[in-house]
Amino acid sequence: MSAGTINRGEFAIVGVGEPDTQNRVPEKTELSMGTEALLKAADDAGIAIKDIDGWFVPGGPSPNQAGEYVGVFPSYADGGNVGAVSPIAMVGHAMAAINAGYCSVAAVLHTQLSRSGPRGGGGGDTSSTIGGQFIAPYGIEGEYSRHGMVANRYNQTYGTEMSGFAELAVSNRKWAQLHPRAAYTDPMTVEDVLNARILSWPITLPMVCPVLDNASAIIITSADRAKDMNKKPVSILGFTQEFEMSIDFKEDLLDWEMIRKSGEKLFPMAGVSHNDIDLVQTHDCFIPVPILEVEGLGFCEKGEGLAFVADGRTAPGGDFPMNTNGGGLSYSHSGSFGLASICDTVEQLRGESGPRQITDANIGLVTGSGGGFTTNTSIILTNQ
Amino acid sequence: MTSEYTNPVPTPTPDTQNFWDGLKEQTIQLKRCLENECGRFHHFPRSICPYCHSTNLEWTPVSGNGTLYAFSVNHRPPRGWTENEAPVIAIVELEEGIKLYTNLVNPPEDPTTIKIGVPVEPVFDKVTNEVTLLRYRLK
């Protein structure tokens with residue numbers, strides 16, 4: 001088999017399952033009904049649930065919600081919404097993912113209580129969702145309130161202070177000041193960040209990304225085709241996507257397994273070491289996250305992240321350039337994130353970043369954590 | 001007062017009904033795996049053990065005692081929140097190893113002085129005739 005092709009007969013469906021009862025089942029939840037189907041399919045195939053490393057969950061609950069419920073933390077997932085035929089499309093997605101080596105045992109699961117619901121989330125009354133039952137009644141709202149708990153636990157555990165987190169926001173602002181399309185470019189000091197309006201103590205407003213209009217696009221093709229394109233290609237050296245419990249139900253609020261797993265796989269896959277990385281784009285949606293990302297990916301030890309980025313190391317002119325467009329905090333964040341970071345990295349690797357250009361930028365890493373912080377996905381790019 | 005409660009309240013599902021029914025009786029019941037090699041509690045309640053994937057589970061009463069794992073003071077609680085201006089939101093780690101979101105009902109005047117790791121005990125807060133929330137008190 002040559003890379004990038006899927007030959008007929010190379011894949012097979014090896015198990016099927018449906019719940020005992022369906023159609024009108026108010027005694028079930030979407031996720032309990034889906035679990036029934038999944039267990040039967042796994043039994044039919046003679047596999048254990050833990051063997052599943054590819055997870056395709058179209059419609060109904062997201063792959064993240066379904067994975068967290070069942071306890072499936074795959075290395076590849078897709079909830080791609082391409083309309084009513086999504087479950088069929090997922091068969092193709094699963095083959096592609098297996099062919100690419102991202103996973104080896106794929107489960108496609110669809111479950112939706114369209115008659116007896118809603119219980120899976122979405123619009124309207126959400127009081128029966130997991131969040132509606134176990135989170136909202138306690139006045140926990142928005143990701144910032146979770147990150148208030150993360151930041152406070154971080155400081156009490158490691159003896160650090162919020163000024164360290166605030167400095168990271170200031171460094172990102174300095175990059176944004178060099179970017180013509182950045183949202184926020186006013187001068188900002190550590191004191192400004194610390195003294196700003198408190199959202200969820202100790203998190204203040206400048207430590208939380210805004211939600212803005214933002215669009216980005218990239219074109220990907222094979223290395224062969226890329227040779228004939230306009231510009232020198234930027235190669236993808238590695239890709240990971242890892243899952244675990246959400247921020248609401250993590251084993252360890254300061255050591256996110258999904259980031260650690262990403263790092264453990266990404267560098268060997270890309271054939272580079274941490275010292276080879278010239279720039280890093282993190283997901284600075286909430287100020288503790290980039291710190292947990294640089295620690296989890298292995299750039300420094302747990303608890304050393306703030307010291308690692310201190311003294312302007314990540315700002316323009318620093319020796320560990322990070323979020324070189326200003327990041328989600330100062331450049332742009334639409335609620336989704338990452339594509340603009342990839343665009344920015346590609347421009348850096350092509351030497352097109354003008355006043356923000358890093359000298360000798362050859363290898364860049366883009367990482368992002370999201371989906372209720374059930375997942376981290378990371379890539380390494382190079383101009384070589 | 002209970003009829004006036006306007007903050008978000010949970011609507012139980014078949015997966016969680018026993019948990020919420022238990023709180024009304026001032027008991028805390030968690031789902032526990034009955035497989036010998038696993039035996040772990042989990043939370044939120046599911047129809048499958050998220051650790052070993054067994055469906056051999058049992059609702060098991062627990063004391064609810066634990067320690068404060070994390071907390072924050074939420075100055076921007078959900079829209080329509082009327083109970084208090086800035087609730088102390090928290091994660092409590094139970095003796096059984098599971099963690100759950102809650103509120104601290106007796107924070108000191110300056111809640112930022114609270115230290116994580118301190119012992120806490122459950123408070124059964126009957127907010128409506130239908131709903132009792134599981135809140136926590138610093139011991």
Side-chain angles (χ1 to χ4, degrees), chain A residues 25-33 35-36 38-39 42 48-50 67-73 119 125-130 132-142 144-154 156-157 197-204 245 248-251 253-254, chain B residues 7-17 19-20 42-55 68-79 81 83-91 97-104 111-112 114-117 125 127 131 133-136:
Chain A
V25 286
E27 74 279 12
K28 297 185 183 182
T29 62
E30 268 181 358
L31 289 166
S32 71
M33 182 172 69
T35 297
E36 275 186 76
L38 182 73
L39 289 172
I49 299 295
K50 66 177 166 48
E68 181 173 44
Y69 184 100
V70 177
V72 170
F73 305 110
R119 293 208 185 88
D125 180 6
T126 57
S127 65
S128 64
T129 63
I130 299 306
Q133 291 185 74
F134 297 103
I135 301 172
Y138 301 105
I140 295 162
E141 165 79 352
Y144 56 82
S145 57
R146 278 90 161 178
H147 289 283
M149 290 189 257
V150 174
N152 183 23
R153 183 172 171 82
Y154 192 99
Q156 289 205 19
T157 301
R197 182 157 71 93
I198 298 171
L199 293 183
S200 196
W201 178 87
I203 294 285
T204 63
M245 299 288 180
D248 300 319
F249 301 102
K250 282 192 192 301
E251 292 281 313
L253 211 50
L254 302 183
Chain B
N7 288 332
V9 290
T11 300
T13 70
D15 276 345
T16 64
Q17 189 74 51
F19 177 83
W20 294 111
H42 73 257
H43 181 76
F44 55 93
R46 297 152 161 96
S47 62
I48 184 170
C49 170
Y51 305 111
C52 79
H53 309 114
S54 171
T55 54
L68 182 63
Y69 180 78
F71 76 96
S72 175
V73 189
N74 191 1
H75 291 254
R76 218 173 71 165
R79 221 168 271 133
W81 183 268
E83 190 176 11
N84 47 20
E85 221 166 76
V88 177
I89 58 177
I91 300 172
I98 69 109
K99 300 190 192 77
L100 41 81
Y101 277 134
T102 189
N103 299 121
L104 296 182
T112 67
I114 302 169
K115 296 297 175 206
I116 59 172
D125 189 0
V127 297
V131 174
L133 295 177
L134 180 56
R135 292 189 160 124
Y136 272 81

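Note that the structure is a prediction, hence the values are computed from the model and not measured. In the text below, chain A, chain B and the rest are named by the order of the sequence lines, each starting its count at 1.
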Check your understanding: Between B:S72 (side chain) and A:W201 (backbone), is there a donor-acceptor pair under 3.5 Å?
Key -> yes
**Study point:** Which portion of A:Y69 sits near chain B, non-hydrogen atoms under 4.5 angstrom
**Key:** both
Practice item. Report the C-alpha separation of A:S200 and B:V73 in whole Å, then their side-chain angles, then the decisive distance to 0.1 Å, and conclude whether the side chain to side chain contact (heavy atoms under 4.5 Å, CB included) test is met. Key: CA-CA 5 Å; A:S200 196; B:V73 189; 6.0 Å; no
Revision key, fill the gap. Applying a strict 4.5 Å limit to non-hydrogen atoms, the region of A:E251 in contact with chain B is both
**Study point:** Largest heavy-atom contact set with chain A, pairs under 4.5 Å, which of B:P45, B:A70, B:C49, B:A90
**Key:** B:A70
Study note, to complete from the structure: With chain B, the option among A:L31, A:V70, A:L39, A:V72 that has the most non-hydrogen atom pairs under 4.5 Å is A:V70
Point to revise | Any donor-acceptor pair under 3.5 Å from B:H53 side chain to A:G71 backbone | key: yes
**Study point:** A:S32 and B:S47: side chain donor to acceptor below 3.5 Å
**Key:** no
Review point. Where do A:P137 and B:N103 come nearest, in terms of heavy atoms and distance?
Key: O-OD1, 4.3 Å
Check your understanding: Does A:Q156 use its side chain to pair, donor to acceptor, with the backbone of B:I114 at less than 3.5 Å?
Key -> yes
Exercise for review: Measure distances from A:T35 to the heavy atoms of chain B and classify the residue's part below 4.5 Å as side chain, backbone, both or neither.
Suggested key: side chain
Practice item. Verify, without hydrogens or angle tests, whether A:N152 (side chain) and B:F71 (backbone) share a donor-acceptor contact under 3.5 angstrom. Key: yes
Review point. Under the side chain to side chain contact (heavy atoms under 4.5 Å, CB included) criterion, do B:F44 and A:Q133 qualify, and how do the steps go?
Key: CA-CA 9 Å; B:F44 55 93; A:Q133 291 185 74; over 6 Å; no
Exercise for review: For A:P26 and B:P14, work out which heavy atoms get closest and say how close.
Suggested key: O-CG, 3.6 Å
Revision key, fill the gap. Under 4.5 Å to a heavy atom of chain A? For B:L100 that would be neither
Point to revise | Inter-residue atom distance B:L68.CG - A:M149.CE, 0.5 Å rounding | key: 10.0 Å
Check your understanding: How far apart are the C-alpha atoms of B:R76 and A:R197, what are their side-chain angles, what is the distance that settles it, and do they pass the side chain to side chain contact (heavy atoms under 4.5 Å, CB included) test?
Key -> CA-CA 10 Å; B:R76 218 173 71 165; A:R197 182 157 71 93; 4.0 Å; yes
Study note, to complete from the structure: Looking only at heavy atoms, the pair that brings B:N74 and A:L199 closest together is OD1-O, 3.4 Å
Check your understanding: Is the side chain of A:Y138 donor-acceptor paired with the backbone N or O of B:L134 at a distance under 3.5 Å, no angle test?
Key -> yes
Review point. With only heavy atoms counted, which part of B:Y51 is less than 4.5 Å from chain A, the side chain, the backbone, both or neither?
Key: side chain
Review point. What is the distance from atom NZ of A:K28 to atom OG1 of B:T13, rounded to the nearest 0.5 Å?
Key: 14.0 Å
Check your understanding: Between A:F134 and B:W20, what is the ring plane arrangement, given parallel below 30°, perpendicular above 60°, and tilted in between?
Key -> parallel
**Study point:** Sole residue of A:D248, A:I140, A:L253, A:V150 in side chain to side chain contact (heavy atoms under 4.5 Å, CB included) with B:I91
**Key:** A:L253
Exercise for review: Give a yes or no on whether the backbone of A:F249 and the side-chain of B:K99 come within a donor-acceptor separation of less than 3.5 Å.
Suggested key: no
Check your understanding: Which pair of non-hydrogen atoms, one from B:R46 and one from A:E68, has the smallest distance, and what is that distance?
Key -> NH2-O, 2.8 Å
**Study point:** Heavy-atom proximity to chain A below 4.5 Å, by part of B:H42
**Key:** neither
Check your understanding: Relative to chain A, which of B:T102, B:I98, B:V9, B:N7 shows the most heavy atom pairs under 4.5 Å?
Key -> B:T102
**Study point:** Cation over ring face, A:R153 and B:Y69, 6.0 Å, 45°
**Key:** yes
Review point. Can you find a pair of side-chain heavy atoms, one from B:I116 and one from A:T157, that are under 4.5 Å apart?
Key: yes
